[in-house]
Amino acid sequence: MTATAFPTPTPSATLALDVERLREDFPILSERVRGKQLVYLDNAATSQKPRAVIDAVTRFYSAENANIHRGVHYLSERATIAYDAVRGRVARFINASSPAEIVFTRGTTEGINLVAQSYGRSTLRAGDEILITGMEHHSNIVPWQMVAAQTGATVRAVPITDAGELDLDAFDRLLTERTRILAVVQLSNALGSINPVRWLVARARERGVVTLVDGAQSAPHLPVDVQALGCDFFAFSGHKVFGPTGVGVLYGRSELLERMPPWQGGGDMIETVTLEGSTWALPPARFEAGTPMIAEVIGLGAALSYVETVGREAIGAWEEELLAYATERVGALNGVRLIGTAREKASVLSFVVDGVHPHDVGAVLDDEGVAIRAGHHCAQPVMQRFGVPATARASFAFYNTRDEVDTLVRGLRRVRTLFA
C-alpha cells in the first residue's frame with residue numbers, strides 16, 4: 001500500500017527567476033487589502049502556503065483522516081504511511097544521518113523547551129553555565145532561564161556589536177570550563193544577521209559543550225546541513241518554511257536522544273505500562289506523546305517538497321538580491337535608520353522612522369496594502385541593545401518582488417509626509 005504522493009510543481013532550471021509564475025502557486029497573494037493589492041512582507045512571522053500544501057492537508061482530511069500507528073484498518077494504515085514518510089523527508093532536508101533523529105514538535109519553541117527540560121534539566125547542576133546570545137528570540141532565552149532556575153545553573157549571553165553581529169572575542173571569553181550548553185540562533189529574526197554557527201559550534205565542541213541551533217528563520221532561507229554544522233540539536237518551525245502552523249521539527253543526535261528522559265507522558269511514547277511503573281519507547285517516539293499533528297506533518301512534507309523543487313540555492317540567491325535592493329532603497333530615505341547592518345544577512349530588514357512609532361508606521365503601510373511587523377519581535381534584548389522600544393520589520397520570501405519593495409518605499413514616504 002502506498003500513500004498519496006506529495007504534489008509538487010514542475011521543476012525548472014529557471015524557476016527561481018520566474019517569480020511571477022511562482023506567485024500563482026500561493027492563492028493568498030492575489031488578495032486585496034483595503035482596496036489595494038496585498039504586499040506581504042511579514043514572512044519572518046509566518047510564511048504563506050503554496051497550493052500544494054493546502055491541497056495536501058485538504059486531501060488528508062477528505063480521504064485519509066484516521067489516527068496513526070495503532071490502527072489496523074485501511075485509513076489508519078494509509079495515514080501512518082503518509083505521516084511516517086515525512087520523517088525521512090525532513091531528515092533529507094536537513095541532512096540528518098537517520099530519520100530516528102527527527103522529532104516532530106509543535107514548533108521551534110516546543111523543540112527548545114524539550115531540550116531544556118529533558119536534556120538540560122537532567123544534566124545541569126549548580127554552577128553550570130548556559131551560553132546564549134544577545135540576539136536570541138524569546139523562545140531561545142526563556143526556556144533556559146526556566147531550567148537555570150530549576151537547576152541552579154546560570155545563563156550568560158554573548159553581546160552583539162553596533163552592526164548587529166556577534167562579538168566573537170566576547171564569545172571566546174564567555175565560553176569557559178563551566179559552559180555546558182550553547183544555544184544560538186542561526187539567522188536573527190529581528191536583525192537578519194547570519195551567525196557563523198559552524199565556527200561557534202566547533203569552538204564549543206572542543207570544550208565538550210552540547211550545542212543547540214535555533215533554525216526557525218534559517219530553514220526557510222538557507223541550505224541547512226546539520227552534519228556539516230556539527231550541532232547536537234537543531235529546531236525549526238513548519239509555518240515559517242511554507243508549511244502549516246502547529247508543527248515543527250527537533251533534530252537531535254541519536255546518542256543524546258537515547259540518553260534523554262521523556263518530557264511528556266502518554267500514549268505512543270511508552271514501551272510498557274503497568275500500574276507500578278512504565279518503560280519508554282526508543283526515540284523519536286519517546287518524545288511524541290499522544291496523538292500527533294498528523295495533517296500538519298503531512299502538510300510540512302508537502303512544503304519541504306515544494307521548497308526543494310524550487311531549489312534552496314535559487315531561493316537564497318533571489319532573496320539576497322531582493323534584500324540588497326530593499327536595503328538600498330529604504331536606507332536612502334530621509335529620516336529612516338536601519339537596525340542591523342551585519343555583513344552577512346538574509347531576508348530581514350528592520351528599521352525605525354524618526355519621530356514615528358513603529359506601530360504607526362505599520363498602520364500607515366497597512367492602509368497601503370503592505371503587511372509588515374511592528375514591535376519587539378519577541379527579541380526585547382535586541383531592542384534594549386539598540387535603544388529603541390520597537391522596530392518596523394519587512395521580511396522577504398522568494399515570492400516577493402522588486403515592485404513590492406517599491407510599494408513599501410512609497411508607503412514609507414507617505415509615513416514621512418503624514419508625520420512631518
Side-chain angles (χ1 to χ4, degrees), residues 108-109 111-191 193-216 218 226-235 250-253 255-257 259-261 263 342-344 379-386:
T108 306
T109 299
I112 296 172
N113 275 274
L114 191 163
V115 176
Q117 289 299 314
S118 179
Y119 178 81
R121 193 169 183 180
S122 65
T123 61
L124 292 169
R125 301 292 181 266
D128 291 344
E129 294 181 352
I130 305 159
L131 187 57
I132 61 173
T133 81
M135 66 174 70
E136 301 303 321
H137 188 280
H138 294 168
S139 63
N140 205 25
I141 300 174
V142 178
W144 302 114
Q145 292 174 334
M146 293 171 65
V147 78
Q150 293 161 349
T151 62
T154 301
V155 178
R156 306 190 73 184
V158 180
I160 55 180
T161 68
D162 290 343
E165 298 174 329
L166 286 185
D167 183 335
L168 298 182
D169 290 334
F171 170 80
D172 270 336
R173 292 193 301 271
L174 289 165
L175 187 68
T176 73
E177 68 280 356
R178 290 182 177 272
T179 309
R180 298 291 178 264
I181 297 172
L182 169 66
V184 59
V185 67
Q186 187 171 20
L187 169 56
S188 166
N189 77 304
L191 300 170
S193 307
I194 302 174
N195 286 323
V197 168
R198 190 170 182 176
W199 183 87
L200 297 169
V201 167
R203 297 287 286 174
R205 294 196 70 177
E206 288 172 0
R207 292 179 174 268
V209 175
V210 168
T211 56
L212 177 144
V213 175
D214 173 355
S218 59
V226 293
Q227 294 189 70
L229 290 177
C231 57
D232 296 299
F233 299 101
F234 185 96
L250 173 67
Y251 156 81
R253 285 198 300 116
E255 52 266 44
L256 287 178
L257 291 178
R259 298 203 307 262
M260 288 163 52
W263 80 304
R343 288 163 292 182
E344 296 291 330
Q380 287 179 292
V382 173
M383 304 301 121
Q384 295 158 7
R385 167 63 180 80
F386 287 94

_Test log, rule side chain to side chain contact (heavy atoms under 4.5 Å, CB included), inputs Asn113 and Trp263_ = CA-CA 9 Å; Asn113 275 274; Trp263 80 304; 4.1 Å; yes
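- Across every non-hydrogen atom of Val382 and Gly134, the tightest pair is CG2-O, 3.5 Å.
- Taking CD1 from Ile112 and CH2 from Trp144, the interatomic distance works out to 7.5 Å, rounded to the nearest 0.5 Å.
- Across all their heavy atoms, Arg178 and Gly127 have their closest contact at NH1-O, 3.1 Å.
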(Q) For Asn140 and Leu212: C-alpha separation, side-chain torsions, deciding distance, then whether side chain to side chain contact (heavy atoms under 4.5 Å, CB included) applies. (A) CA-CA 9 Å; Asn140 205 25; Leu212 177 144; 3.9 Å; yes
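- Heavy-atom neighbours of Met383 CE from other residues, nucleotides or ligands within 6.0 Å: above the threshold of 12.
- Contact between His138 and Ala379 at its shortest, heavy atoms only, is NE2-N, 3.3 Å.
- A distance of 13.5 Å separates CZ in Arg121 from CE in Met260, rounded to the nearest 0.5 Å.
- Residues forming a side chain to side chain contact (heavy atoms under 4.5 Å, CB included) with Asp169 (at least two apart in sequence, or on another chain): Asp167, Arg173.
- Atoms CG and CG, on Leu200 and Leu168 in that order, are 6.5 Å from each other to the nearest 0.5 Å.
- The closest side-chain heavy-atom distance from Leu191 to Ile160 is below 4.5 Å.
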(message) Determine whether Tyr119 and Val147 satisfy the following criterion, side chain to side chain contact (heavy atoms under 4.5 Å, CB included), listing intermediate values before the conclusion.
(response) CA-CA 10 Å; Tyr119 178 81; Val147 78; over 6 Å; no
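- Remark: Ala153 engages Leu124, Asp128, Ile130, Ala148, Thr151 in a side chain to side chain contact (heavy atoms under 4.5 Å, CB included) (not counting sequence neighbours).
- Of the inter-residue distances, the one linking Ile141 atom CD1 with Ile132 atom CD1 reads 5.0 Å to the nearest 0.5 angstrom.
- For Thr154, the side chain to side chain contact (heavy atoms under 4.5 Å, CB included) partners at least two apart in sequence or on another chain are Glu129, Arg156.
- The heavy-atom pair separating Pro143 from Ala116 by the smallest distance is O-CB, 3.9 Å.
- Taking each heavy atom of Met135 and Gly164 in turn, the nearest pair found is CE-O, 3.4 Å.
- Put simply, the side chain of Thr133 does not reach to within 4.5 Å of the side chain of Phe171, judged on heavy atoms.
- When the shell of 6.0 Å around CD of Glu344 is examined, it contains 12 or fewer heavy atoms from other residues, nucleotides or ligands.
- No more than 12 heavy atoms of other residues, nucleotides or ligands sit less than 6.0 Å from atom CZ of Arg198.
- If you take CG on Leu175 and CZ on Arg207, they are separated by 5.0 Å, rounding to the nearest 0.5 Å.
- Residues Leu229 and Val201 have side chains not in contact (no heavy-atom distance under 4.5 Å, counting atoms from C-beta outward).
- To the nearest 0.5 Å, the span separating CG on Asn195 from CD on Gln186 amounts to 8.5 Å.
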request  = Under the side chain to side chain contact (heavy atoms under 4.5 Å, CB included) rule, what do His137 and Val185 come out as? Steps first, then yes or no, please.
outcome  = CA-CA 8 Å; His137 188 280; Val185 67; over 6 Å; no
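- Between Thr211 and Cys231, the closest heavy-atom pair is OG1-CA, 3.3 Å.
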